[in-house]
Amino acid sequence: MMMRVKLFLILFNTLQCMTLVTGYRTRFGMKQYVEYQIGSVDSKLILTAPHGGSLSPTTMPNRTHGCFDNETEQCIYRHNCGTPTRSKCKVLMATDTNTRNLAILIADQIEAKTGKRPHVILNNLGRWKMDANRDADQAAFGVPETKRAYDEFHEFVNNAKLAISPSSGLLLDIHGVQSHPEAWVELGYRLTKSNLNKNTVLAEYSSIKNLAATSSYTFEQILRGDKSLGHFMLRENLSFNSRVVPSPDTPSPGSGGYYRGGYITKHHGSRYAGTIDAIQIESPRPLRDLLYNGDKAYAIDLANAVIGFLGVHY
Ligand SMILES: [Zn+2]
């Protein structure tokens, strides 16, 4: 009974925050820290942007590095944990610039071309306040207001997944790589650089496990062959002749910089359960910087590539 009352209250609070924007409904969490632009009923796509926010409420302490606990040999992410240590418990605070508007632009493009608007979930808080792509402790440092925003972000992602399932679907987690000199687009499937390099990749350890298990194509085709997202991106002739890894042209990162996908890709993809696959997209700075000049070329290319990939697999 208690559970039901609680559920009703959550629902009531959520409904109160529902606002009609343009063409799609938007649900906001507390103080609009996080935002869910609800997609079309028949959309199979979710876009998340956890590192593109800029809100900096003074009521919320800035995140710091964690403290290292010598007894358990683990990091403690609390503001009163002692002396923060960057070397052992480093916490990243930098914004993935232009990724919030990139996610929205991709959604706009896909809606314009297919009539189906993807679900979009945005963290509007600066990463120095809350990091939606980390586990709860590192994300929110146990601060109740921060933790609530974090929970609302992931609740919105779960709502979007529920709207698509039991059909299969795809979540794309939109990021911006900060410092890798290759300046290529990195697609993260939770597979390690070493496994990609040694060709020892296994579908069951990937964040697209469900797609691999149900597809008539081989995992290699889907991951970095002629049916891969990398293939569809290359077909768009990205600006600056940007490379994409993994893709048919660059099947593995070699010694280059590469992110395999973080918390969202790991926990919201199909590796452990469910029918929603996930891929992390790390876009290099030159492609994201186009948006400072109002140049939507990269957003359009990415949208076209995603439409191609979705058309084959979902
Ligand atoms: Zn990021």
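Reckoned from all heavy atoms, side chains included, excluding hydrogens, waters and symmetry mates. In listed order, ligands and their atoms are each counted from 1.
Restricting D96 to its N/O/S atoms, the shortest distance to the Zn ion (ligand 1) is reached by OD2. The Zn ion (ligand 1) is closest to atom ND1 of H175 (considering only N, O or S atoms). When you scan the N, O or S atoms of H51 for the one nearest the Zn ion (ligand 1), you land on ND1.
A ring-centre distance under 6.0 Å is found for H180 and Y259.
In summary, the side chains of H231 and D226 do not present any donor paired with an acceptor at a separation below 3.5 Å, with no hydrogens or angles considered.
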- Could you check H154 against H267 for ring-ring contact (aromatic ring centres under 6.0 Å, His included), going step by step and ending with a plain yes or no? CA-CA 10 Å; H154 290 283; H267 289 276; 8.5 Å; no
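Under the 2.5 Å cut-off for SG-SG separation, C75 and C89 qualify: their sulfur atoms lie closer than that.
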